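Just so you know, these numbers come straight off a predicted model, no measurement behind them.
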Amino acid sequence: MSGGPYWRAGVVQSVAPPGTTDLGPGYLDPALLPVRSLARAYARALDEFGPAALTYGENRGPAPLREALAARAGTGPDHVLVTAGASQGLHLVAGTLTRPGDVVLAEPLSYDYGLRVLTDRELRIQAVESDADGPVPGALTATARRIRRGGERVAFAYLIPTYRNPTGVTVPAGRRRALVAEAADAGVPIVEDDAYAGLRYDGPPEPPSLHALAGRRGVVRLGTFAKTLAPGLRLGWIEAEPRLVRRFATAGWADSGGGFNHLAALAVATLLAGGGYDRHLAWLRGELRARRDAFAGALGVAAPHGGFFVWLPAPDGDGAALRERAAAAGVSVADGRRFGAAGAGAVRAAFSFHPPHQLADAGARLAAARTAPARLDVASTSD
């Protein structure tokens, strides 16, 4: 990975070996991170709020950001809690709404680190039958009933309906409506991880969120600025019923330290208020579209309509072997097994981190790795 003299081990989370194009992590290209815009936003926040920007913040997060987020969602600020990103929001929800041993329903292929947040809370993950459009009708109900008959408690369903990590699939509007109705009938709350909302490049318009379709009841929606602005902000939000927001915000962590990342929240609020965030997002979509087109075109696969990822099944069904051949060609991809047992025959590749010319080269090398013959296992064929 490149990105200037400070893009090195000990400063950033992951650095690839020299000579490797790393398509594993879902990071933004350093060239896409709005350093100057954010510097101005922090300066404006400090000028406008003075010492109040540097003290403990309101437990739910500062009103300017909550009001801006609520207006964009068509709801009120009492429905919004500012978090330190979607993962921290998921950790907060799990810690508040579950107890060890509870079961969380998820799609067979899901965000691996999200699942780890849940298993770290001693929750058991149960896959729900799904197809190309998401959980199949009736599957959530049938799975919940089976678990309850066994004496276990279903805490919630963890779903990623928009440009899902890892597959890039978006659940269509009709399936979403059926899903929220089924979940309500089955008494299964939904936690909607919407990290990639807003990153549509073409294709059908993004459907309404599950949270919106459910009438803001029975669904907790997780949002983040990590994918549309900068992950180093550690800034996101929860949309939920006001009673849940109050419950989250009256916990010990909030009374002790106030809202999360108070200064960052005020800085981003100034970007939203002044239109800078929307201008950046429009520009970012164009940049990511160019990267997606370069990569998918060289790879010779259908381009996803949004998000960061291409899900790539191995022609011979052996994802591990494809990953090895890709590595030999200087391209690192994510092992499909990270995202569930159903991913054993595939790999995930991110097109978000590198410029188009490098992605075109990596796509061509990865395409060649896909078509390369499988390595002969001499031991298994010898007399």
Side-chain angles (χ1 to χ4, degrees), residues 3-4 6-7 11-13 27-28 30 32-93 95-96 194-195 197-198 221-240 242 244-284:
Y6 299 106
W7 201 276
V11 176
V12 299
Q13 187 179 49
Y27 295 165
L28 282 169
L32 302 180
L33 300 176
V35 175
R36 292 184 178 85
S37 178
L38 282 170
R40 291 191 294 269
Y42 273 84
R44 283 195 299 270
L46 289 166
D47 286 344
E48 180 175 350
F49 297 100
L54 298 176
T55 191
Y56 295 110
E58 211 271 3
N59 287 15
R60 295 169 296 174
L65 181 57
R66 289 189 295 110
E67 289 166 358
L69 291 170
R72 297 168 80 89
T75 187
D78 54 339
H79 287 258
V80 178
L81 177 87
V82 175
T83 68
S87 294
Q88 188 274 327
L90 180 59
H91 184 268
L92 176 60
V93 170
T96 305
D194 227 3
R221 180 174 182 247
L222 307 176
T224 182
F225 290 105
K227 308 303 180 182
T228 59
L229 202 54
L233 293 169
R234 304 314 307 138
L235 193 66
W237 68 96
I238 289 172
E239 293 172 28
L244 282 178
V245 170
R246 288 193 297 271
R247 186 175 172 187
F248 297 144
T250 54
W253 63 262
D255 286 338
S256 172
F260 293 107
N261 295 339
H262 181 57
L263 176 55
L266 289 170
V268 171
T270 71
L271 279 179
L272 289 166
Y277 176 76
D278 289 313
R279 289 190 295 274
H280 169 75
L281 185 56
W283 170 82
L284 178 65

J.: How far apart are the C-alpha atoms of Trp283 and Leu32, what are their side-chain angles, what is the distance that settles it, and do they pass the side chain to side chain contact (heavy atoms under 4.5 Å, CB included) test?
T.: CA-CA 9 Å; Trp283 170 82; Leu32 302 180; 3.7 Å; yes
J.: Do Pro64 and Phe49 touch side chain to side chain, with heavy atoms closer than 4.5 Å?
T.: yes
J.: Give me the atom names and distance for the closest heavy-atom approach of Thr270 to Ala267.
T.: OG1-O, 2.6 Å
J.: So do the side chains of Leu222 and Ile238 get within less than 4.5 Å of each other, counting heavy atoms only?
T.: yes
J.: Can you tell me how the ring of Phe260 sits relative to the ring of Trp253, calling it parallel under 30°, perpendicular over 60° and tilted otherwise?
T.: parallel
J.: Please examine the side chains of Asp278 and Arg72, heavy atoms only from C-beta on, and report whether any two atoms are closer than 4.5 Å.
T.: yes
J.: Taking all atoms of both residues into account, what is the closest heavy-atom pair of Leu229 and Pro34, and its distance?
T.: O-CD, 3.3 Å
J.: Hey, are the side chains of Pro231 and Thr224 touching, using non-hydrogen atoms and a 4.5 Å cut-off?
T.: no
J.: Determine yes or no for a side-chain-to-main-chain donor-acceptor pair under 3.5 angstrom, with Arg60 supplying the side chain and Ala249 the backbone.
T.: no
J.: Under the side chain to side chain contact (heavy atoms under 4.5 Å, CB included) criterion, do Leu38 and Leu271 qualify, and how do the steps go?
T.: CA-CA 8 Å; Leu38 282 170; Leu271 279 179; 3.8 Å; yes
J.: With a 4.5 Å cut-off on side-chain heavy atoms, are Val245 and Asp78 touching?
T.: no
J.: Would a 4.5 Å heavy-atom cut-off, applied to side chains only, mark Leu46 and Leu54 as touching?
T.: yes
J.: Between Val93 and Leu244, is a side chain to side chain contact (heavy atoms under 4.5 Å, CB included) present by the stated rule, with each step listed?
T.: CA-CA 9 Å; Val93 170; Leu244 282 178; over 6 Å; no
J.: Do side-chain atoms of Arg234 reach the backbone of Asn261 as a donor and acceptor pair under 3.5 angstrom?
T.: no
J.: State whether the side chain of Thr250 and the backbone N or O of Arg246 hold a donor-acceptor pair below 3.5 Å, judged by distance alone.
T.: yes
